Number of protein chains: 2
Amino acid sequence: MSAAPSPAPPRETRQREVISRLLQSAEGPLGVPELHARALNELPRLGVATVYRTLKLLQEQGAAHIVTLDGENLYEASGRGHHHHFSCRQCGRVYTLNTCPVALPAGTVYPGGFVVEAHEVTLYGLCPACAPR
Amino acid sequence: MSAAPSPAPPRETRQREVISRLLQSAEGPLGVPELHARALNELPRLGVATVYRTLKLLQEQGAAHIVTLDGENLYEASGRGHHHHFSCRQCGRVYTLNTCPVALPAGTVYPGGFVVEAHEVTLYGLCPACAPR
DNA sequence: TTTCGTGCAAAAGTTTTGCAAGCCC
DNA sequence: GGGCTTGCAAAACTTTTGCACGAAA
């Protein structure tokens with residue numbers, strides 16, 4: 001028998017660099033079509049498949065994660081601190097909220113014996129631009 | 001000229017009755033394939049399209065709503081009180097929580113001018129069955 | 001050079017839509 | 001009877017996969 005095959009580290013390619021950078025500099029979570037469209041400006045021949053493959057890779061590395069809103073899968077770079085999302089029912093835009101409405105430190109035991117490790121909150125309503133002033 | 005066309009009320013059909021009832025009596029949120037499968041027992045010729053159309057109708061009526069977990073769209077009957085979900089990272093089961101960790105009455109204005117109408121919370125961690133005692 | 005990654009195209013999965021026939025009112 | 005609904009099938013999307021060529025190490 002042989003030692004466990006040590007997995008070669010992922011290669012650094014232009015595609016991965018661009019996708020990763022776009023994700024990091026985005027204002028909020030992005031859907032695949034949107035991300036792909038933005039990347040096409042720099043990589044005219046980029047295929048959607050590569051976007052999906054790269055996103056999967058980034059998720060495995062913990063560098064990105066998925067957020068699902070209204071049945072649509074959006075992707076977001078990790079490491080920008082604890083935050084939540086606000087979805088506007090009027091304009092459909094998704095905002096990032098930096099305040100957190102719940103007090104549930106990891107390790108909290110919720111009634112019934114549920115050990116909470118993480119939580120996700122999404123608020124729905126009207127964003128500042130759509131709310132009647 | 002004529003008066004504003006008063007929208008005819010939706011008809012009561014066997015399909016709608018069955019789908020609605022199955023959703024109400026379900027233990028938790030159901031996916032379309034699962035819901036369709038259960039309905040086939042009573043309506044052998046029911047098509048998936050009707051399930052989707054009925055779910056859309058129920059949502060418009062506020063009688064059902066969508067819950068997305070792990071990228072899968074699940075549907076749940078409304079009117080069973082305010083609740084949230086707990087997803088166990090070990091066994092993958094989704095539980096319904098009847099306590100709510102946030103205090104955000106509809107109409108609350110969140111910092112930044114976001115008018116909150118509703119909120120959704122999902123907790124992740126270990127359920128009572130999977131947590132080391 | 002060797003292997004991994006990419007582009008392209010086809011496949012698989014999900015949700016929507018068009019249309020003729022059927023059912024509700 | 002008239003119009004909304006349904007079933008079926010095709011279309012539109014979304015995400016994954018296979019493969020030969022191109023690029024990183």
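None of these values were measured; they are calculated from a predicted model. Just so it is clear: chains get the letters A, B, ... in the order the sequence lines come, proteins before strands, and each one is counted from 1.
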Inset, instruction - Could you tell me whether the side chains of B/H85 and A/E120 share a donor-acceptor contact shorter than 3.5 Å? - result: no
Inset, instruction - Could you grab the distance from atom CG of B/L23 to atom OG1 of B/T54, nearest 0.5 Å is fine? - result: 10.5 Å
Inset, instruction - Go through the steps to decide whether A/E72 and B/T68 satisfy the test side-chain contact (heavy atoms from CB on, under 4.5 Å), and finish with yes or no. - result: CA-CA 9 Å; A/E72 197 186 6; B/T68 308; over 6 Å; no
Legend entry - B/A49 vs B/E12, nearer the 5' end of DNA chain C by closest nucleotide: B/A49
Legend entry - Side-chain H-bond candidate by donor/acceptor type, A/Q59 with A/H65, under 3.5 Å: no
Legend entry - B/K56 side-chain N/O to C/dT16 phosphate OP1/OP2 under 4.0 Å: yes
Inset, instruction - Using only side-chain N and O atoms of B/Y52, determine if any of them is under 4.0 Å from OP1 or OP2 of C/dT16. - result: no
Legend entry - Distance test, side-chain N/O of B/N73 to OP1/OP2 of C/dT14, below 4.0 Å: no
Inset, instruction - Look at all strands and tell whether B/P10 reaches a base, only sugar-phosphate, or nothing, counting heavy atoms closer than 4.0 Å. - result: sugar-phosphate
Legend entry - B/R11 or B/P44, whichever maps to the more 5' nucleotide of DNA chain D: B/R11
Legend entry - Gap between atoms CD and C1', on A/E72 and C/dT14 respectively (whole Å): 14 Å
Legend entry - Interface residues of residues 15-24 of chain B with DNA chain C (non-hydrogen, below 4.0 angstrom): none
Inset, instruction - Evaluate ring pair (Phe, Tyr, Trp, His ring centres under 6.0 Å) for A/Y95 paired with B/F114, printing each intermediate quantity in order. - result: CA-CA 10 Å; A/Y95 296 82; B/F114 295 91; 5.1 Å; yes
Inset, instruction - Give the rounded distance in Å between these two atoms: CG of A/L57 and P of C/dG5. - result: 8 Å
Inset, instruction - Starting at atom CZ of A/R53, determine the distance to atom P of C/dG7, rounded to an integer number of angstrom. - result: 8 Å
Inset, instruction - Hey, could you give me the SG/CG distance between B/C88 and B/L123, rounded to the nearest 0.5 Å? - result: 12.0 Å
Legend entry - Pair A/E27 + A/R38: basic N to acidic O under 4.0 Å: yes
Inset, instruction - Return yes if a side-chain donor-acceptor contact under 3.5 Å exists between B/H84 and A/H119, otherwise no. - result: no
Legend entry - Exceeds 12 heavy-atom contacts within 6.0 angstrom, atom CD of B/E12: no
Inset, instruction - Considering only heavy atoms of chain A and a distance under 4.0 Å, specify the first and last nucleotide of DNA chain D in 5' to 3' order that meet this criterion. - result: D/dT14 to D/dA25
